[in-house]
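Positions are given from 1, in the same order as the sequence printed here. The model shown is predicted, which means the values in this text are computed figures rather than measured ones.
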Amino acid sequence: MISHLSVWQNGEASASKKSEILDIALALRERAPWSIARRILERVGLEAGHGWEAALDEIRFRDNFDAISLDELYYLYFQHICCGEKSTRLFKLGESNAEVLRLNLRESFKLNRLKRPRILSSLAKAHVEPPQLECAFHDRNASVGVFSSIRRFEERVPIQTNDIPQAAQGVFAGFDEIIAIRAVMYQAYGVIWLPDNSDLAEVRIDIMRDETVNAVGQFHQQMYAELHSRSGSSSIISPVNLFGAIKSIYNDQTEGNLMELSFATTTGSVKQERMRSHESLRQETYHVGGIEALSTEIEPFHIGVRWRRQEPGVKTVTAPELYLHGNLSQIGTPNAQLHTASVKKVATYSDFDFVRDKLLEHA
């Protein structure tokens, strides 16, 4: 097999193209929805098949990768690191602090590649690590810093009592199932994104399975500390308030398909609605009828919306999603605050930019 320079940071000439493609596929399996990962693999000419095992077997048993662009696959993976399955906050820095941040990131532009990803099986004995700058670069008219960390979540694993050794089953008499908690360590990324022509910085962090709201909040605080330090700010930088976007998006009938909605009414009730199909709550009979029966407007505090979009010259239709998770206590509160949005099912920079622009339009 022809040797080449590795796509990872500090690339070596002896790297195997096949092994690097497999590295990216395994990393995608742990972090990307299958619908997104499949699109990435197929875009470079890999047969994704039906599910992860078929896709991985296609790579493991394939002999010739000459037609596969490893650089393109890496760049698509890199876009997912920067945009895919993210919790995001926006910060208005001011021109002087924004310029300090750009200069700070620019000093690390020599680190313009990610390190080889660390998958779950290699992190069993790892320890929690705070975010460290791993990669910095200039792309799409923005200065970008990518921070890697090791995070921990608790996985709940159901155990059937029949699977317990016979000698110990008496201890659990009367129980049909036991829930065991297992600590799982994984590599997570945080991103600072600052456009050239704006002082609005974005902080994006991974949203991983089974993580609590507190865990996500803690990682946001760690990334905020990086933003604050690297921008040279002498005062607290407040994130942009996104709460107003909830009602604005709901009221705009043209904005995507409404998948989830939680709201309060003046009659004292609280409703939580969710569509299981790809249709919109805005056209759902029960929701429309209930709203029409009220004499006053509802007060939404949680929303999930999906858009269908197609880029010029691209056949594939994407379906990026935005979630704004407010809570009931914010209803009626003067200047209610919501600082975090979740962006999911994003395949490319273009998808993320589309959702971000919608968020800013309505905030």
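Of the possible polar contacts, none joining the Glu279 side chain to the Glu284 backbone as a donor-acceptor pair under 3.5 Å is found. The main-chain N or O of Phe65 is never found under 3.5 Å from a side-chain atom of Lys18 such that the two would form a donor-acceptor pair. Formation of a donor-acceptor pair under 3.5 Å by the Ser229 side chain with backbone atoms of Glu226 is not found in this model. Looking only at distances, a side-chain donor or acceptor of Arg62 sits under 3.5 Å from a matching main-chain atom of Asn64. Formation of a donor-acceptor pair under 3.5 Å by the Arg282 side chain with backbone atoms of Val288 is not found in this model.
Close placement of the Phe78 and Phe137 rings is indicated, their centers lying within 6.0 Å of each other. In summary, the aromatic rings of His220 and Tyr224 are positioned with their centroids too far apart to meet the 6.0 Å limit.
Here the side chains of Val191 and Thr88 are not in contact, with every heavy-atom distance at 4.5 Å or above. Side-chain atoms of Val157 and Ile181, non-hydrogen and from C-beta on, never get closer than 4.5 Å to each other. Put simply, the side chain of Leu46 reaches to within 4.5 Å of the side chain of Ile21, judged on heavy atoms.
Between Ile59 atom CD1 and Ser19 atom OG the span is 11.0 Å, to the nearest 0.5 Å. Here the CG-NE2 distance, from Leu328 to His302, works out to 13.0 Å after rounding to the nearest 0.5 Å. With rounding to the nearest 0.5 Å, the separation of CG in Asp206 from OG in Ser87 is 10.0 Å.
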Please step through salt bridge (Lys or Arg N to Asp or Glu O under 4.0 Å) for the pair Arg356 and Glu202, ending with a clear verdict.
CA-CA 10 Å; Arg356 187 267 324 283; Glu202 301 172 41; 2.3 Å; yes

**Report entry** Arg116/Glu20 under salt bridge (Lys or Arg N to Asp or Glu O under 4.0 Å): CA gap, chis, key distance, verdict
**Finding:** CA-CA 9 Å; Arg116 191 180 302 274; Glu20 298 204 334; 3.7 Å; yes

Quick one: do Arg151 and Val128 satisfy side-chain contact (heavy atoms from CB on, under 4.5 Å)? Show the steps, please. CA-CA 5 Å; Arg151 289 163 66 185; Val128 172; 5.9 Å; no

- Task: Could you walk me through whether Leu200 and Leu93 pass the side-chain contact (heavy atoms from CB on, under 4.5 Å) test, one step at a time?
- Result: CA-CA 6 Å; Leu200 187 68; Leu93 298 180; over 6 Å; no

Next item on the list: Take Ser148 and Gln132, measure what side-chain hydrogen bond (donor to acceptor under 3.5 Å, both in side chains) needs, and give me the verdict at the end.
Entry: CA-CA 5 Å; Ser148 175; Gln132 301 289 331; over 6 Å; no

- Message: Assess the residue pair Tyr189 and Glu134 against the criterion (side-chain contact (heavy atoms from CB on, under 4.5 Å)); give the C-alpha distance rounded to whole Å, side-chain angles, the decisive distance to 0.1 Å, and a yes or no.
- Response: CA-CA 9 Å; Tyr189 295 93; Glu134 179 171 306; 4.1 Å; yes

Q: List the steps and the verdict of salt bridge (Lys or Arg N to Asp or Glu O under 4.0 Å) for Lys345 and Glu321.
A: CA-CA 6 Å; Lys345 304 295 178 63; Glu321 299 173 356; 3.7 Å; yes

- Could you give me the CA-CA distance, side-chain angles and deciding distance for Asp196 and His138, then say whether side-chain hydrogen bond (donor to acceptor under 3.5 Å, both in side chains) is met? CA-CA 9 Å; Asp196 294 342; His138 188 265; 2.8 Å; yes

Ser69 and Asp71: side-chain hydrogen bond (donor to acceptor under 3.5 Å, both in side chains), yes or no, with the steps? CA-CA 5 Å; Ser69 171; Asp71 284 335; 5.6 Å; no

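The number of heavy atoms from other shown groups lying within 6.0 Å of NZ (Lys247) is above 12. For Gln337, the CD atom sits in a packed shell: over 12 heavy atoms of surrounding residues, nucleotides or ligands are nearer than 6.0 Å. More than 12 heavy atoms of other shown residues, nucleotides or ligands fall within 6.0 angstrom of atom CD in Gln253. A 6.0 Å sphere centred on CZ of Arg309 holds more than 12 heavy atoms belonging to other residues, nucleotides or ligands. Enclosure of atom CD in Glu72 by more than 12 non-hydrogen atoms of other residues, nucleotides or ligands within 6.0 angstrom is indicated. Crowding of Arg274 atom CZ: a count of heavy atoms from other residues, nucleotides or ligands under 6.0 Å not exceeding 12.
Taking the centre and axis of the six-membered ring of Phe352, the NZ or CZ atom of Lys86 falls outside the cone set by 45° and 6.0 Å. A cation-pi arrangement, defined by a distance under 6.0 Å to the six-membered ring centre and an angle within 45 degrees of its axis, is absent between Arg152 and Tyr186. The cationic group of Arg113 lies under 6.0 Å from the six-membered ring centre of Tyr74 and within 45° of the ring axis, placing it in a cation-pi geometry.
Minimum heavy-atom separation, Pro300 to Ile331: O-CD1, 4.0 Å.
Salt bridge annotation for Lys271-Glu273: absent, with no cationic side-chain nitrogen under 4.0 angstrom from a carboxylate oxygen.
Screening Ile24, Ile36, Val346 against His80 for a side-chain contact (heavy atoms from CB on, under 4.5 Å) leaves a single residue, Ile36.
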